[in-house]
Amino acid sequence: MSRHDARLEAAKREGQAQADEFNRRYPIGTPVIAYPSVRPEDPVAVSYQKHLMERPLWRNFEDPCKRLVTVTRTPAWILGHGEPVVSVTGYAGGICLTHVDIAPRTNTPDVVSVNDEGRSVTTVKLKRCCNGCGTQLGDADNRDVDKNGDLTDVRAECVTCRPVVDLEAAGCRTWLLTRRGIGVIDDAIDSYGVYAKGYWEYVDGKTTVTGLRIGSGEDRVVAKFGDWIIRHPDGHWSTHSTSEVAA
């Protein structure tokens with residue numbers, strides 16, 4: 001294989017990984033802000049906006065800084081040279097993922113009104129919460145249900161759980177420690193040949209399990225209920241506390 005072919009194959013693998021990760025996180029219909037030509041912070045866009053104020057006739061030319069508030073209409077895929085792209089409603093062809101931002105969620109407040117019978121009525125907008133920690137993220141929309149009718153993974157939108165998503169993308173395996181799931185997680189950790197047992201503390205006048213101790217000696221880590229347990233590709237373990245981030 002020539003050096004050129006090797007670089008091309010590497011670019012395709014990297015691009016496909018980015019497209020796969022985008023598709024995993026964002027189903028068709030996800031609200032986005034897309035820039036078909038250049039992003040607003042690009043020097044070309046900055047220069048164009050500056051000259052536009054000085055030369056109003058430039059408005060007769062096609063705007064290279066076009067901004068589309070739209071939704072995705074296809075899964076992401078890669079071009080022949082490996083660049084990952086996605087199609088959006090209102091534009092033909094694909095737009096580079098680097099030029100596509102996920103639109104921020106709206107957060108509609110509850111509206112209290114009085115009906116014809118004089119009764120107070122509260123109108124609420126369905127909200128979406130993080131799959132991991134349960135933090136409310138905002139209004140539910142098309143990005144929240146995949147083609148099979150299942151809820152999508154929106155942890156990447158959550159300031160608490162986003163680091164865990166990044167770790168998973170880097171090859172880590174993760175578990176959210178709960179009282180209900182501690183037995184299953186204990187068995188999973190044991191399958192790696194790592195010793196794990198309940199972590200006990202004195203709470204409200206009695207000794208009770210408050211988490212899981214993983215490993216032994218100086219390398220052991222302790223995860224409390226509500227924490228993420230992380231196994232890294234090199235075999236070491238760590239935790240991510242949701243309570244500390246929330247605080």
Side-chain angles (χ1 to χ4, degrees), residues 17 20-21 24-27 102 104-110 112 120 122 124-141 143-146 148-247:
D20 291 343
E21 181 63 15
R24 186 183 72 82
R25 295 189 184 188
Y26 310 115
I102 304 304
R105 288 182 184 270
T106 56
N107 196 357
T108 307
D110 296 349
V112 180
S120 179
T122 302
V124 300
K125 179 77 172 181
L126 182 65
K127 303 297 181 183
R128 181 65 204 269
C129 296
C130 174
N131 305 66
C133 64
T135 298
Q136 191 175 105
L137 302 175
D139 296 342
D141 56 34
R143 79 189 79 182
D144 295 316
V145 180
D146 64 19
N148 299 316
D150 298 321
L151 283 178
T152 54
D153 184 355
V154 295
R155 292 174 300 155
E157 297 182 44
C158 176
V159 65
T160 301
C161 294
R162 186 182 305 123
V164 177
V165 177
D166 294 337
L167 287 168
E168 291 173 350
C172 297
R173 187 176 179 190
T174 66
W175 300 264
L176 180 63
L177 184 61
T178 64
R179 294 184 183 277
R180 177 178 295 181
I182 187 172
V184 174
I185 296 173
D186 193 342
D187 290 342
I189 294 173
D190 287 343
S191 71
Y192 287 102
V194 177
Y195 176 73
K197 65 175 294 185
Y199 183 74
W200 295 75
E201 290 184 295
Y202 196 69
V203 180
D204 295 332
K206 61 181 181 180
T207 304
T208 184
V209 175
T210 59
L212 192 66
R213 184 166 58 190
I214 304 161
S216 57
E218 296 181 355
D219 294 332
R220 73 178 184 181
V221 297
V222 174
K224 298 296 189 66
F225 290 126
D227 290 351
W228 286 93
I229 299 173
I230 303 155
R231 183 184 186 276
H232 298 262
D234 63 1
H236 85 273
W237 298 79
S238 66
T239 64
H240 175 71
S241 174
T242 57
S243 59
E244 290 179 2
V245 176

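Nothing here was measured: the structure is a model prediction, and the numbers come from that model.
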Could you pull out the closest heavy-atom pair between [X] and [Y], with the gap in Å?
X: V112; Y: S120; result: CG1-OG, 3.3 Å
X: C130; Y: C161; result: SG-SG, 3.7 Å
X: Y26; Y: I102; result: CZ-CG1, 3.5 Å

With [X] via side chain to side chain contact (heavy atoms under 4.5 Å, CB included) - residues at least two apart:
X: L177; result: I182, I185, L212, A223, F225, I229
X: I230; result: L167, C172, T174, H232, S238, H240
X: S191; result: none

Exercise for review: Taking D146 for its side chain and N148 for its backbone only, find out whether a donor-acceptor pair lies under 3.5 Å.
Suggested key: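 Yes, the answer is positive, given that a donor and an acceptor are paired below the 3.5 Å cut-off.
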Point to revise | With D166 via side chain to side chain donor-acceptor pair (under 3.5 Å) - residues at least two apart | key: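 Per chain and number, D166 pairs via side chain to side chain donor-acceptor pair (under 3.5 Å) with no residue.
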How would you list, by chain and number, every residue that makes a salt bridge (Lys or Arg N to Asp or Glu O under 4.0 Å) with [X], sequence neighbours excluded?
X: D20; answer: none
X: E21; answer: R24, R25
X: D144; answer: R105, R128
X: K197; answer: none

Practice item. Can you tell me which residue pairs pass the side-chain hydrogen bond (donor to acceptor under 3.5 Å, both in side chains) test with a partner in residues 206-222, sequence neighbours excluded? Key: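 side-chain hydrogen bond (donor to acceptor under 3.5 Å, both in side chains) check on residues 206-222 returns E201-T210.
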To the nearest 0.5 Å, what is the distance between [atom1] ([X]) and [atom2] ([Y])?
X: W228; Y: R155; atom1: CH2; atom2: CZ; result: 4.5 Å
X: R180; Y: T178; atom1: CZ; atom2: OG1; result: 7.5 Å
X: I214; Y: R231; atom1: CD1; atom2: CZ; result: 11.5 Å

Check your understanding: Do any pairs count as a ring-ring contact (aromatic ring centres under 6.0 Å, His included) and have a residue in residues 152-211, sequence neighbours left out, and if so which ones?
Key ->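 Those involving residues 152-211 are W175-W237, Y192-W237.
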Could you pull out every donor-acceptor pair under 3.5 Å between side chains of residues 133-140 and any protein atom, sequence neighbours left out?
{"from": "D139", "atom 1": "OD1", "to": "T108", "atom 2": "N", "distance (Å)": "3.0"}
{"from": "D139", "atom 1": "OD1", "to": "K127", "atom 2": "NZ", "distance (Å)": "2.6"}
{"from": "D139", "atom 1": "OD2", "to": "T106", "atom 2": "OG1", "distance (Å)": "2.7"}
{"from": "D139", "atom 1": "OD2", "to": "T108", "atom 2": "N", "distance (Å)": "3.1"}
{"from": "D139", "atom 1": "OD2", "to": "T108", "atom 2": "OG1", "distance (Å)": "2.6"}

Exercise for review: Return each pair, listed once, that meets salt bridge (Lys or Arg N to Asp or Glu O under 4.0 Å) where at least one residue sits in residues 232-241; pairs must be two or more places apart or across chains.
Suggested key: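 Every pair satisfying salt bridge (Lys or Arg N to Asp or Glu O under 4.0 Å) with a residue in residues 232-241: there are none.
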